[in-house]
Each structure stands twice: as C-alpha cells, then as structure tokens.
Number of protein chains: 2
Amino acid sequence: MAYDSVIDLKQLKVACENCRLGEICLPRGLAQEEMVKLDNIVSRGRPLVKGDALYRQGDKLDSFYAVHSGSLRSYTVTQDGTEQTLGFYFPGELVGLDGLENSIHSCTTEALETTSICELPYNNLQNLSAQLPSLQHQIMRLLGKELSGDHDVLLLLGKRSVEERLAAFILSLSKRFSERGFSSTEFNLSMSRHDISNFLGVAVETISRQFSNFDKDGVLQVKYRFVKILDMNKLEEIVIPCKKSSDIKEKQTGT
Amino acid sequence: MAYDSVIDLKQLKVACENCRLGEICLPRGLAQEEMVKLDNIVSRGRPLVKGDALYRQGDKLDSFYAVHSGSLRSYTVTQDGTEQTLGFYFPGELVGLDGLENSIHSCTTEALETTSICELPYNNLQNLSAQLPSLQHQIMRLLGKELSGDHDVLLLLGKRSVEERLAAFILSLSKRFSERGFSSTEFNLSMSRHDISNFLGVAVETISRQFSNFDKDGVLQVKYRFVKILDMNKLEEIVIPCKKSSDIKEKQTGT
DNA sequence: CGCCGCTTTGAAGGCCTTCAATTGATGTGG
DNA sequence: CCACATCAATTGAAGGCCTTCAAAGCGGCG
C-alpha cells in the first residue's frame with residue numbers, strides 16, 4: 001500500500017519529486033526548483049493507525065495535509081451527538097482546508113486505516129505561494145476541487161434516491177482508485193457501512209439493502225468490505241440523471 | 001437598498017474605502033494604501049435585474065464577484081433537468097468561487113432582485129494578492145467561509161427534519177441581515193418558496209406547510225415574501241441539536 | 001381589470017426509517 | 001488453535017415523514 005519505503009521516524013524530510021503522487025497532488029505543474037522549495041516545508045510524521053485523528057473539531061488550523069497513503073474520513077459532531085460525515089480522502093488529496101474562515105477546524109479527520117500524511121505548515125505554505133504563482137494556483141485549484149466535491153454531494157443529498165446516491169459513491173471511489181493506478185472494478189472499502197450511510201444521509205440498513213439489490217441485479221458483487229463491479233455501464237446509467245448538465249462529455253451518440 | 005448613489009453606467013471605477021460593506025467584504029483588514037490598489041482592479045457594471053445571470057454553468061471563470069446590493073441564487077442543473085440550489089448571496093459576500101478547479105463554472109448564479117455587483121478579475125486579483133499578504137489571507141478566509149457554509153448545509157441535508165432545516169435557514173437569513181444593519185426580526189425574502197425548498201432538499205409544499213406550522217405555533221408570522229420572527233428563542237432552540245458541538249458559545253448556564 | 005404564476009391546503013401513497021433479531025467477521029484469552 | 005465475546009452487516013416487518021397529485025386562494029404584472 002505504501003508508495004515508497006516504510007517511514008516511521010519522528011519527523012522526516014520528504015521529497016515530492018520522488019513521490020509518484022506528484023501529478024495528482026499539490027506539486028503538479030511545479031518546476032524542479034520550485035518543488036525543492038516545497039520539499040523544504042513538507043515533513044512526514046509517524047503514520048496514523050486506524051482511528052487516529054489527524055486533527056479534531058475545535059483545533060487550531062496549523063497545517064494543510066496531503067494524504068500519502070491510506071485513507072481518512074472527516075466529520076462533524078453536532079450538539080445532539082449526531083455525526084455527519086463530510087468526506088473521504090485518498091492519496092494525493094489535500095486535507096484540512098476546513099476552518100480556513102476563522103483558523104479553527106470545524107470538523108474532525110480520522111484515519112480509516114494505517115495512513116501516512118505529509119504535513120504542510122499553513123504559514124510556510126502561504127509565504128511560499130506568494131513567491132510561486134504556480135503553487136498558489138495549485139492551492140486554489142485544490143480548494144476549488146474541495147468546493148466542487150461538496151457541491152456534488154449537495155446534489156446527491158438534495159433529492160436523489162438511495163440507488164443513485166450509492167451508485168454515485170461507488171463510481172467516485174472507482175474513479176479515484178483508477179486515477180491512482182489501482183483497479184477501477186475491484187477494491188476494498190476502507191470505510192464501514194455506517195460511514196457510507198452517514199455520508200450519504202440515509203440509514204445503515206438502507207445502504208445494506210441497496211448493496212444487496214445491486215448484488216441481486218448483477219451490477220456488483222459485494223462481500224463486507226470487498227466490492228467487485230460487474231456492470232460498470234449500468235452503474236453509470238444510474239447516475240446519469242444526477243450529473244451536471246455541463247459535464248456532458250463523449251458518449252453522446254444522438255443529437 | 002443601494003448602499004451609495006445609484007450607478008448604471010457601463011463600467012465604473014469603485015472605491016472600496018467608501019463602501020460601508022468594507023468590514024464584511026474582501027477589503028476587511030486592508031490598509032488604506034492596499035485598498036487603493038484593490039480599487040484599481042475592481043469595477044462595477046450595470047446592475048443585474050431579477051433573473052439575470054451573473055455567469056452560467058459551463059462559462060469560463062474570469063472573475064470573482066462581490067455583491068454590493070441585492071441578492072443572488074446559485075444552482076446547478078443536472079442531466080435530467082433537476083435544479084439544485086447551492087446557496088444564496090447577500091451584500092459583502094464573494095460569488096463565483098465555484099469552478100476554481102478547472103476554471104469552468106459548475107453552476108449558474110442569478111439575481112433574485114435588482115442587484116449590483118463589483119467585479120474582481122481573477123488574474124489581477126491573483127497578482128495583487130501575491131503582493132499583499134493580507135489580501136491573500138482575506139481571499140482564503142472567504143473561500144473557507146464558502147466551504148464552511150457548504151458543510152453547514154450538508155449537516156442539514158444529512159438527517160435533519162424539515163422543521164430544523166427551515167428554522168436554520170430563517171436564522172441564517174436573520175443573522176446575515178442583522179450583520180448588514182437590517183432588522184434581524186423582520187425582512188422580505190428575495191427567494192421563492194421553490195428556491196427555499198430546493199435549497200433545503202424538500203418539496204415546495206412541505207416548506208409551505210412548515211411555514212404554516214411556525215405561524216400557528218407563534219414562532220413567526222409569514223405572509224408571502226414577508227417574514228416577522230416572533231419568538232427568536234424558540235427558533236434557536238429548534239436548531240440547537242443541528243449546531244456543531246464546537247460552536248458552543250455563551251448561553252451555557254448548566255454544566 | 002383579468003390572467004398567470006406563486007403559495008397554500010388537503011388527501012393518498014411511497015420510500016426510507018426505526019425496531020428487532022439473525023448471521024457473519026474480528027480479536028482476545030485460555 | 002479454538003471458544004467465546006464483541007462488533008459489523010444483513011434481513012424482516014411496521015410505521016412515519018415527506019412526496020406527489022390535486023385544487024383552491026391570493027398577488028403581481030401587463
């Protein structure tokens with residue numbers, strides 16, 4: 001799972017240029033010399049183990065974090081103890097952008113499995129990005145990605161059926177695994193049914209039932225955390241109506 | 001409604017320092033000389049009238065926009081023609097941050113009433129913010145505000161009742177009007193029931209019914225677009241369970 | 001002034017939730 | 001290495017909240 005050799009020392013210097021995530025992570029599009037400057041402010045601590053919090057709701061915002069390997073879930077807890085899962089994070093994705101408004105994290109982010117993190121101290125990153133326009137652009141791009149991801153979820157939570165929500169969720173995972181060089185059709189879920197149901201705004205039992213329906217309909221095989229997509233087309237058909245009309249790509253055979 | 005004299009010329013230079021919105025808008029915390037530099041890149045066009053689009057889904061991202069007066073609604077349209085309202089914008093708020101990922105707007109933003117807009121060309125703003133750390137900080141803060149606003153909506157859409165959703169919505173409006181110097185208890189809604197229901201992920205009829213319930217319970221009076229809050233405490237009690245546990249402020253009398 | 005669209009209200013139905021119980025996985029100690 | 005305890009996931013049944021369909025009331029605008 002780890003992308004390069006295992007690291008569990010205190011705090012280690014990291015070389016972005018040696019990381020195969022470069023192209024989907026922050027350094028994308030940076031020149032060699034710019035990447036060296038970025039490396040100077042990036043460090044990596046001991047990996048988090050399952051359940052460890054990267055930061056907690058109410059913590060001061062000190063750093064952004066890039067996922068190196070593993071995965072995380074971020075969520076907020078409300079006054080009545082209800083959790084709302086806000087998102088899941090995979091290698092190459094930037095975490096900790098919440099709480100930029102008042103420098104206080106508004107959610108907790110926890111490792112779903114053993115997870116390795118690159119830390120980017122916020123102040124250093126700000127200073128550096130003032131010098132490197134392309135870095136500033138990358139930060140804005142990743143902030144935009146976060147925003148647009150939230151909008152996609154709003155779209156789902158607005159008025160979509162459980163079938164559509166779960167199909168969209170599975171396809172999102174599939175796409176992200178694929179972008180990282182893993183299989184787009186077979187993968188293990190690092191999150192529980194509870195996490196999925198909570199994220200998608202439905203009951204756990206409803207998710208379980210929908211998985212069974214997909215299984216029964218031959219769309220996918222699912223056994224606990226293992227998912228195997230059997231009919232990708234059908235899955236994509238299900239989510240078509242939920243897609244933004246501006247996302248029309250190829251596949252337009254008719255008018 | 002307009003904050004200073006009426007302006008409907010082609011494209012006019014704007015002086016942020018003369019705008020009473022300064023404190024809630026982008027220039028907050030900027031020194032006099034910095035504000036002058038910001039003024040150089042800000043311009044204001046003819047006001048939008050109700051229904052006019054500031055930009056459309058699929059448009060290239062050229063500028064950020066600050067609301068000067070009036071209000072807007074942003075929404076995406078899906079493949080099956082469904083709309084999802086993503087948010088409402090009031091004076092001092094920054095609009096157009098969507099589509100930062102790929103420089104293409106992922107939603108449409110329309111004026112709900114006659115609305116005056118300050119335009120901030122994206123490239124100029126980027127260049128200027130590289131020179132002015134406090135401006136960069138403001139931009140990040142407003143991006144964070146947008147993100148955190150989306151998270152609040154996710155919280156509502158996740159598992160909250162109609163009563164909680166509508167109460168939270170009304171309180172959000174009340175707070176924003178109050179911050180802008182208007183009454184926190186009496187105001188006119190610039191958006192339709194359809195817009196509200198769509199934003200909150202329920203049917204129009206359900207919103208209408210909930211308004212009637214609030215009216216019947218003496219929480220507020222509502223007549224078409226006019227709302228008068230009668231029992232602010234009750235409204236706040238309703239939303240307490242939906243609030244983030246980290247948002248505990250005063251009002252804690254017990255343990 | 002009259003039409004059209006927004007809002008309200010009523011009634012029936014559906015999708016999802018909740019409650020309950022079983023089955024299957026995970027992990028620890030004997 | 002297996003037994004048992006614990007937790008996660010599945011499945012069934014009943015009920016509820018919200019949706020959908022339908023129609024009437026009310027305002028705004030030409």
Side-chain angles (χ1 to χ4, degrees), chain A residues 49-51 73 80-85 110 112-114 156-167 169-170 188-217 220-228 238 241-242, chain B residues 49-51 73 80-85 110 112-114 156-167 169-170 188-217 220-228 238 241-242:
Chain A
V49 301
K50 185 175 176 176
R73 172 179 79 104
D80 64 350
T82 315
E83 271 184 18
Q84 176 64 45
T85 297
E110 275 182 14
L112 290 168
E113 59 192 314
T114 303
L156 283 183
L157 263 44
K159 296 202 79 45
R160 293 299 162 178
S161 68
V162 174
E163 186 186 35
E164 291 171 319
R165 293 180 197 204
L166 188 55
F169 178 70
I170 293 295
N188 278 289
L189 303 171
S190 55
M191 67 293 291
S192 68
R193 297 287 190 275
H194 174 83
D195 294 340
I196 300 173
S197 69
N198 188 270
F199 179 57
L200 296 178
V202 295
V204 193
E205 296 92 328
T206 308
I207 288 297
S208 192
R209 270 182 258 273
Q210 188 55 53
F211 264 132
S212 300
N213 289 340
F214 281 151
D215 198 321
K216 196 176 55 192
D217 297 346
L220 51 76
Q221 278 178 1
V222 58
K223 202 180 178 191
Y224 293 86
R225 299 295 182 93
F226 179 74
V227 173
K228 180 174 183 176
I238 293 170
C242 326
Chain B
V49 302
K50 187 175 176 175
R73 172 178 80 104
D80 65 350
T82 316
E83 271 184 17
Q84 176 64 46
T85 297
E110 275 182 13
L112 290 168
E113 59 192 314
T114 302
L156 282 183
L157 296 191
K159 297 203 80 44
R160 294 299 162 178
S161 67
V162 174
E163 185 186 37
E164 292 171 318
R165 294 180 197 205
L166 188 54
F169 178 70
I170 293 296
N188 278 290
L189 302 170
S190 55
M191 68 292 294
S192 69
R193 296 288 190 273
H194 174 83
D195 295 339
I196 300 174
S197 69
N198 189 270
F199 178 57
L200 296 178
V202 293
V204 193
E205 296 91 328
T206 308
I207 289 297
S208 190
R209 270 182 259 272
Q210 188 56 53
F211 265 132
S212 300
N213 289 340
F214 281 150
D215 198 321
K216 194 175 57 193
D217 298 346
L220 51 76
Q221 279 178 0
V222 57
K223 202 178 180 193
Y224 293 87
R225 300 294 182 93
F226 178 75
V227 173
K228 181 174 182 176
I238 292 170
C242 325

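Throughout, protein chains are lettered first and strands after them, A, B, ... in sequence-line order, and every chain is numbered starting at 1.
A:Arg225 comes within contact range of the sugar-phosphate backbone alone, with a heavy-atom separation under 4.0 Å but no base atom that close.
Look at CZ on B:Phe214: it is 13 Å from P on C:dT8, rounded to the nearest Å. Rounded to whole Å, the distance from CZ on B:Arg160 to C1' on D:dC18 is 17 Å. The CD atom of B:Gln210 sits 12 Å away from the C1' atom of D:dC17 (whole-angstrom rounding). To the nearest angstrom, P of D:dA9 lies 13 Å from CG of A:Leu166. Rounding to whole angstrom units, CG of residue B:Leu189 and C1' of D:dG27 are separated by 15 Å. Between the CD atom of B:Glu164 and the P atom of D:dC17 there is a distance of 12 Å, given to the nearest Å. Whole-Å rounding puts the B:Leu157 CG to D:dC18 C1' distance at 14 Å. As rounded to whole Å, 19 Å separates atom P of C:dG24 from atom CZ of A:Phe211.
Ranking D:dC18, C:dT18, D:dT10 by closeness to the A:Arg193 side chain, first place goes to D:dT10. Side-chain proximity of B:Glu205 to the nucleotides D:dT19, D:dA9, D:dT20 is greatest for D:dT20. For A:Tyr224, whose side chain is taken as the heavy atoms from C-beta onward, the closest listed nucleotide among D:dT19, C:dC16, C:dA25 is C:dA25. Closest to the side chain of B:Arg209, out of C:dA25, D:dT20, C:dT17, is D:dT20.
Of the N and O atoms on the side chains of A:Arg160 and B:Thr82, at least one donor lies less than 3.5 Å from an acceptor on the other residue.
Not one side-chain nitrogen or oxygen of A:Ser208 sits closer than 4.0 Å to the OP1 or OP2 atom of D:dT11. Distances shorter than 4.0 Å separate none of the side-chain N or O atoms of A:Lys223 from OP1 or OP2 on C:dG24. Checking the phosphate oxygens (OP1, OP2) of C:dC16, no side-chain nitrogen or oxygen of A:Thr206 falls inside 4.0 Å.
Look at A:Asp215 and A:Lys228 and you find no salt bridge, because none of the NZ, NE, NH1 or NH2 atoms lies under 4.0 Å from a carboxylate O.
A:Arg165 places a side-chain N or O within 3.5 Å of a backbone atom of A:Leu200 that can act as its donor or acceptor partner. The closest donor-acceptor contact from the side chain of B:Asn198 to the backbone of B:Glu83 lies under 3.5 Å.
Across all non-hydrogen atoms, the minimal contact from A:Ile238 to A:Glu164 is O-CG, 3.8 Å.
Between B:Val222 and A:Gly201, the residue whose closest nucleotide on DNA chain C is further toward the 5' end is B:Val222. For the pair A:Ser212 and A:Lys159, both in contact range of DNA chain D, the more 5′-proximal nearest nucleotide belongs to A:Ser212.
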